[in-house]
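Beneath this line is the structure, given in structure tokens, with notes to follow.
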Amino acid sequence: QVQFVESGGGLVEPGGSLRLSCTVSGSIISMYTIMWYRQTPGTRRELVAHLTRAGSIFYADSVTGRFTISRDNRQNTVYLQMDNLKPEDTAVYYCTDEYRLSWGQGTQVTVSS
């Protein structure tokens, strides 16, 4: 069974940075598309970024130019570097693969002064 464990969230001031990690077990990340989603209370999960097996990258318009997705195949971990954070980035961030059958517990990101 594939498991995803997110970490790296926290409280940061506007303009600050965080790096989220998604450590995967039961699957090899280089063979699948890995996705980062985020969700705020009462809303649907929003796709933030994804990284395909071939290395193609997608970013939501709201994070383009500020977020960077990458992976470390040796660590079987996908990262989301978040720079110039804004209050509207506040959410629980989740990672999953292209099948979206399994999700981690999420990591809370709060951007506030």
Side-chain angles (χ1 to χ4, degrees):
Q1 182 178 355
V2 183
Q3 292 185 320
F4 301 90
V5 178
E6 304 93 341
S7 62
L11 173 63
V12 64
E13 293 185 347
S17 297
L18 285 172
R19 188 177 79 157
L20 306 184
S21 299
C22 170
T23 301
V24 183
S25 60
S27 178
I28 301 174
I29 61 169
S30 61
M31 297 181 65
Y32 299 95
T33 295
I34 303 298
M35 304 173 164
W36 280 101
Y37 281 79
R38 66 186 180 187
Q39 187 174 29
T40 55
T43 68
R44 297 182 62 181
R45 286 181 184 177
E46 171 195 13
L47 178 62
V48 175
H50 77 223
L51 174 59
T52 72
R53 177 175 58 184
S56 298
I57 292 175
F58 164 84
Y59 296 108
D61 288 344
S62 57
V63 307
T64 296
R66 301 187 298 120
F67 289 13
T68 304
I69 189 171
S70 63
R71 68 185 177 213
D72 182 335
N73 292 335
R74 289 182 301 173
Q75 299 295 326
N76 217 41
T77 298
V78 177
Y79 301 100
L80 187 68
Q81 176 68 39
M82 306 187 297
D83 298 316
N84 191 21
L85 282 161
K86 303 177 180 181
E88 51 263 43
D89 295 318
T90 296
V92 179
Y93 284 71
Y94 301 89
C95 62
T96 187
D97 61 18
E98 60 202 70
Y99 300 106
R100 289 171 284 184
L101 297 175
S102 179
W103 298 80
Q105 81 290 347
T107 186
Q108 175 71 48
V109 172
T110 303
V111 184
S112 175
S113 55

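- Criterion: ILVMFWY side-chain heavy atoms under 4.5 Å apart, direct or through other members. Under it, L47 and L101 are not part of a common hydrophobic cluster.
- Distance check: Q108 CD to T90 OG1 gives 7.0 Å after rounding to the nearest 0.5 Å.
- In this structure, CD1 on I28 lies 11.5 Å from CZ on R53, to the nearest 0.5 angstrom.
- Between E13 atom CD and L11 atom CG the span is 8.0 Å, to the nearest 0.5 Å.
- Side-chain atoms of T40 never come within 3.5 Å of backbone atoms of A91 as a donor-acceptor pair (strictly under, hydrogens ignored).
- In this structure a side-chain-to-backbone donor-acceptor pair under 3.5 Å is present from T64 to A60.
- In this structure, E98 has no salt bridge (Lys or Arg N to Asp or Glu O under 4.0 Å) partners at least two apart in sequence or on a different chain.
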### Task
Go through the steps for Y37 and M35 under the test side chain to side chain contact (heavy atoms under 4.5 Å, CB included), then give the verdict.
CA-CA 6 Å; Y37 281 79; M35 304 173 164; 3.8 Å; yes
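- Considering only heavy atoms from C-beta on, S25 stays 4.5 Å or farther from N76 through its side chain.
- The backbone N or O of V5 sits nowhere less than 3.5 Å from a side-chain atom of Q105 that would complete a donor-acceptor pair.
- Summarising the geometry, atom OG belonging to S21 is positioned 10.0 Å from atom CD belonging to Q81; distances are rounded to the nearest 0.5 Å.
- Taking 4.5 Å as the limit, every side-chain heavy atom of Q3 sits out of range of all side-chain heavy atoms of T23.
- Of all heavy-atom pairs between N73 and S30, the closest is OD1-CB, 3.6 Å.
- Note that CD of E6 is 9.0 Å distant from OG1 of T96, once rounded to the nearest 0.5 Å.
- In terms of heavy atoms, G104 sits closest to Y94 at O-CD2, 3.6 Å.
- In this structure, S112 and P14 approach most closely via the heavy-atom pair C-CD, 3.6 Å.
- Using modelled atom types, one finds a donor on one side chain and an acceptor on the other under 3.5 Å when comparing R38 with S62.
- Applying the under-4.5 Å side-chain rule to Ile, Leu, Val, Met, Phe, Trp and Tyr, the cluster around V78 extends to V2, F4, V12, L18, L20, V24, I29, I34, W36, V48, L51, I57, Y59, V63, F67, I69, L80, M82, L85, Y93, V109, V111.
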